[in-house]
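The structure appears below as structure tokens.
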Number of protein chains: 2
Amino acid sequence: MSVAHTRVTPQAGGPCGDDDCGIREVLDRIGDKWTVLVLVELAKGVRRFRELHRAIPGISQRMLTLTTRRLCRDGLVERTAYPTIPPQVEYELTAMGRSLAESVQRLAGWSREHKDAMREARARWDADHPGEA
Amino acid sequence: MSVAHTRVTPQAGGPCGDDDCGIREVLDRIGDKWTVLVLVELAKGVRRFRELHRAIPGISQRMLTLTTRRLCRDGLVERTAYPTIPPQVEYELTAMGRSLAESVQRLAGWSREHKDAMREARARWDADHPGEA
DNA sequence: CAGCATCCTCGTAGATACTG
DNA sequence: CAGTATCTACGAGGATGCTG
């Protein structure tokens with residue numbers, strides 16, 4: 001997510017209310033393509049770089065590096081590097097990271113509960129609105 | 001958020017587990033720049049197009065149109081157009097939309113609780129890692 | 001008022017090659 | 001193994017003008 005988020009001006013007390021300001025902040029963290037997947041995988045336990053890479057099909061080394069680094073920076077993940085040869089690096093959720101992963105998984109629960117309803121709604125809409133991409 | 005999401009191949013039973021597959025699905029819906037803001041504003045009650053536009057500073061007419069349409073398509077928002085002159089259109093959350101808004105706001109709660117800790121973590125990281133953009 | 005159509009910018013992420 | 005560096009693309013989103 002950051003979706004080229006040019007940041008919605010967070011003017012406290014502005015017309016945007018106070019509720020959503022917090023929302024954009026999380027979404028700017030977890031809204032991107034890979035963060036949640038890493039989060040969920042790490043929720044299962046400690047993982048090495050390569051293990052994460054294999055566990056998350058499709059992610060490139062580059063994106064895994066960037067994603068884990070951002071998570072470390074925000075205090076959501078702890079990185080431990082053992083100066084062995086070959087090198088070995090372990091990633092683990094911090095307490096805050098586990099708390100976020102939990103919240104995220106609740107949202108995933110919502111998704112599972114409603115995915116069918118949404119699929120139907122979409123099919124209905126598409127049927128009623130012919131001539132749309 | 002669709003963040004140019006080329007869709008992580010959702011191979012059931014794959015190494016990516018079953019938990020996260022639901023996560024990406026919600027994020028593909030709400031992870032973009034404006035959806036959650038519209039969701040939260042509509043959670044406060046029925047809104048007309050112009051009211052939404054004013055309530056969400058920074059959004060363009062184009063993006064508001066696209067965002068509301070997608071929400072309608074997924075059955076999260078109901079659109080009611082009155083054929084008056086000038087036209088008048090009202091947007092309202094459906095039951096499913098309200099349910100999603102609630103879940104999203106819980107995530108926003110997490111954000112508010114931890115934003116300070118994350119800010120501190122980031123400051124610490126930046127101090128320990130000089131020479132990064 | 002509530003859109004639609006068009007053009008353009010710029011960030012996210014993919015691909016590939018190299019290193020401690 | 002666990003990265004870094006560089007180049008490229010794609011597409012979400014911004015700006016602007018027009019319409020029923």
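Chain letters run A, B, ... following the sequence lines, proteins first and then strands; every chain starts at 1. All of these numbers come straight from a predicted model, not from anything done at the bench.
- Residue B:Q61 contributes atom CD, which lies 9 Å from atom P of C:dC1 at whole-angstrom precision.
- Residue A:Y91 places none of its side-chain N or O atoms closer than 4.0 Å to OP1 or OP2 of D:dC1.
- Of the candidates D:dG3, D:dC1, D:dG14, D:dC1 carries the atom nearest the A:P86 side chain, counting heavy atoms from C-beta on.
- Rounded to whole Å, atom C1' of C:dG14 lies 8 Å from atom NZ of A:K33.
- B:L71 pairs in a side-chain contact (heavy atoms from CB on, under 4.5 Å) with only one of the listed residues (B:L100, B:T94, B:T35, B:I30), which is B:T35.
- Taking atom CG of residue B:D32 and atom P of nucleotide D:dC10, one finds them 22 Å apart after rounding to whole Å.
- A heavy-atom distance below 4.0 Å to DNA chain C is reached by these residues of residues 68-85 of chain B, ordered by number: B:R69, B:R79.
- What separates CD1 of A:I59 from C1' of D:dA2 is a distance of 14 Å, to the nearest Å.
- The 12-atom threshold is not exceeded at CD of A:E78, counting heavy atoms of other residues, nucleotides or ligands nearer than 6.0 Å.
- A:W110 is not listed as a side-chain neighbour of A:R106, based on a closest heavy-atom distance of 4.5 Å or more.
- Relative ring orientation between B:H129 and B:W125 is described as parallel, the plane-to-plane angle staying below 30° on a 0-90° scale split at 30° and 60°.
- Following rounding to the nearest Å, A:R29 (CZ) and C:dT12 (C1') show an atom-to-atom distance of 15 Å.
- Judged by closest nucleotide on DNA chain C, B:R62 is the one of B:R62 and A:P87 placed further toward the 5' end.
- Classification of B:R79 and B:E90 as a salt-bridged pair fails, no side-chain N sitting under 4.0 Å from a carboxylate O.
- Atom-to-atom, CG of A:L64 to P of C:dG14 comes out at 12 Å; the value is rounded to the nearest Å.
- Taking the side chain as every heavy atom from C-beta outward, B:V77 and B:T68 never approach each other to under 4.5 Å.
- Between the NE2 atom of A:H53 and the C1' atom of D:dA2 there is a distance of 11 Å, rounded to whole Å.
- In the set D:dG13, D:dC1, C:dG3, the nucleotide with an atom closest to the side chain of A:R48 is D:dC1.
- For B:S60, whose side chain is taken as the heavy atoms from C-beta onward, the closest listed nucleotide among D:dG3, D:dG14, C:dG14 is D:dG14.
- To the nearest angstrom, P of C:dG14 lies 6 Å from CE of A:M63.
- Contact check for A:E92 versus A:T80: no side-chain heavy atoms found under the 4.5 Å cut-off.
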